[in-house]
Amino acid sequence: MKLLLALLTTWLAAFSLPFSAPAPPKKAAAPKDYVITQFGAGLDSTKLNTQAIQKVIDKASAAGGGTVVVPKGVFLSGALFFKPNTHLRVLADGKLKGSDNIADYPLIPSRMEGQKLDYYAALINATKVNGFTITGPGTIDGNGLKFWKGFWAHRDSMSKAHLPSTNLEVHRPRLLFIWGCDRVTIKNVKLHNSGFWTTHLYQCTNVLMDGCDIRSPFRPVKAPSTDGVDIDVCSKVTIRNCYVSVNDDGICMKGGKGPTAQKLPENGPIEDVLVENCTFGEVHAALTCGSECIHANRITMRNCKVDNERPILLFKMRPDTYQLYENITIENITGKCGTIVTLSPWMQFFNMAGSTEKPFGTIRNIRISNVNVKCKQFAVLNGNPTDKVSNITFKDVTATADNAAFPNLYSDVKFENVTLNGAPLKATPAAQAAPATTPLKPD
């Protein structure tokens, strides 16, 4: 009996012991900081630090990851290539300044203007670096003046010889090229003076740009083709709390061009883009679909301010490319602009490449609401003859315009509580309308 009681007591004691809860997961250690001046980068702003900074990136990656830190000072560099688990932070009063010698940007397999091609690396490059981050509050400066001057000198010489000139003939680097990355954050950093496109996102998902200052000048030397953000075959991109003023499109949907662009695996749609709480200074357009874009779907721009004389929403309709732009929302916009919407043919670098295709554009389900602006002209809806346009709605829009004409080729344009110069707006058939404002000419 005593033995039985002893066994029972032992058994009860064992089951009365508290079960140990699983240990909480350990928080991932913050990436180690690698301050570039502690690893060989010098403070002489006239000497290249490319090799020293690249060694820091390589060291951080080899050690399992880390943040490459640019401290106070100006650090001149050519192309840098970030690797898995590496990040970039530019501290206040720190500047990463691009070399103005194209030899410092190697020619590599790349993507430009809707084409797969070899092109010059950007100042900052990240390919398949998931979780990549760039943070400020310092500056990444493309130092683009020499490239801009070279571009205009070449353009002028070709014009005098009555020869065409493309954007790729004068070799210029982009500021950021981020390719094939998931979970990208670019936050509170100044992106200035790019030699070519400022931010190029290609085949990326889940991108956040927040609190960035994106600029290139219109004077005294125009900074050509310095688009603020080019979204190229990407999905789930959010751009918020940014200031954008560049000598080209502010935020631009890309994705391919040409009569067979939709068949090429390197091309594709742009989906689920949100632009909110941004301010647009001088730009060619705040939000653009084209000129290399085959499909843009579910694009929203809201709660933004504009201060320029160019379109808020611009459709560049290429007659050599099949295009589908759908489910685009523009809402809660205030300020000064050229037009609220411009939809017009875009002939820059037209090339059917011998194809017998007959490309056309489709635009549908465009909604513009709660807009209060002073503009040069309300809108221009006048695409290529074969374009198919349907279900464009303006709701709760108040505008004053220097030119009251509204050229519009399309019957499926709706108005709900829309006033122009204090009177209810009615679309005028294009044949009866006064001439549109002079269309934007490409650089």
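Just so it is clear, the model here is predicted, and its values are computed rather than measured.
- The two atoms that bring Thr342 and Pro311 nearest to each other are OG1-CG, 3.7 Å, heavy atoms only.
- With no hydrogens or angles considered, no side-chain donor-acceptor pair links Arg298 and Asn365 at under 3.5 Å.
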side-chain contact (heavy atoms from CB on, under 4.5 Å) for Leu264 and Lys116? Distances and angles first, verdict last. CA-CA 10 Å; Leu264 300 177; Lys116 180 181 179 181; over 6 Å; no
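- In the displayed structure, Lys414 atom NZ is contacted under 6.0 Å by more than 12 heavy atoms of other residues, nucleotides or ligands.
- Applying the salt bridge (Lys or Arg N to Asp or Glu O under 4.0 Å) criterion to Glu357, with sequence neighbours excluded, gives Lys263.
- Under a 3.5 Å cut-off, the side chain of Asp320 and the backbone N or O of Met352 do not form any donor-acceptor pair.
- Between Phe378 and Phe394, the ring center distance clears the sub-6.0 Å criterion.
- With hydrogens and angles left out, the side-chain atoms of Asn241 and Asp210 include a donor and acceptor closer than 3.5 Å.
- Formation of a donor-acceptor pair under 3.5 Å by the Asn125 side chain with backbone atoms of Ala122 is found in this model.
- Remark: Phe280 engages no residue in a ring-ring contact (aromatic ring centres under 6.0 Å, His included) (not counting sequence neighbours).
- Side-chain atoms of Gln323 and Cys289, non-hydrogen and from C-beta on, never get closer than 4.5 Å to each other.
- Ionic pairing of Arg111 and Glu292 is not present here: no N-O contact between side-chain nitrogen and carboxylate oxygen is shorter than 4.0 angstrom.
- Residues Pro224 and Asp248 are not in side-chain contact: their nearest non-hydrogen atoms beyond the backbone lie 4.5 Å or more apart.
- Considering CD1 of Ile312 and OG1 of Thr288, their distance stands at 12.0 Å, rounded to 0.5 Å.
- Qualifying salt bridge (Lys or Arg N to Asp or Glu O under 4.0 Å) partners for Lys336, counting only residues two or more places apart in sequence or in other chains: Asp307.
- When each of Val380, Ile328, Val389 is checked for a side-chain contact (heavy atoms from CB on, under 4.5 Å) with Phe315, only Ile328 meets the rule.
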Would you be so kind as to tabulate the donor-acceptor pairs closer than 3.5 Å made by side chains of residues 177-188, with sequence neighbours excluded?
residue : atom : partner : partner atom : Å
Trp179  : NE1  : Gln203  : OE1          : 3.0
Asp182  : OD1  : Thr205  : OG1          : 2.6
Asp182  : OD1  : Asn206  : ND2          : 2.7

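- Taking the salt bridge (Lys or Arg N to Asp or Glu O under 4.0 Å) definition, one finds that Asp104 meets it with nothing, sequence neighbours left out.
- Annotation: the span from Glu326 atom CD to Arg364 atom CZ amounts to 4.5 Å, rounded to 0.5 Å.
- Rounding to the nearest 0.5 angstrom, the gap separating the CG atom in Leu168 from the OH atom in Tyr120 is 10.5 Å.
- In this structure, Lys55 is not positioned above the aromatic face of Phe39 in the sense of NZ or CZ being under 6.0 Å from the six-membered ring centre and within 45° of the axis.
- Summarising the geometry, atom CD1 belonging to Ile140 is positioned 10.5 Å from atom OG belonging to Ser194; distances are rounded to the nearest 0.5 Å.
- A distance of 4.0 Å separates CZ of Phe218 from CG of Asn247, quoted to the nearest 0.5 Å.
- Between the CG atom in Asn403 and the NZ atom in Lys376 there is a gap of 9.5 Å [rounded to 0.5 Å].
- Scored by the salt bridge (Lys or Arg N to Asp or Glu O under 4.0 Å) test, Asp213 finds Arg215 as partners (sequence neighbours excluded).
- A donor-acceptor contact shorter than 3.5 Å links the side chain of Thr198 to the backbone of Asp227.
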Go through the steps for Tyr325 and Met317 under the test side-chain contact (heavy atoms from CB on, under 4.5 Å), then give the verdict. CA-CA 10 Å; Tyr325 303 144; Met317 305 307 297; 3.8 Å; yes
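- For the pair Lys316 and Asp249, the salt-bridge criterion is met [side-chain N within less than 4.0 Å of a carboxylate O].
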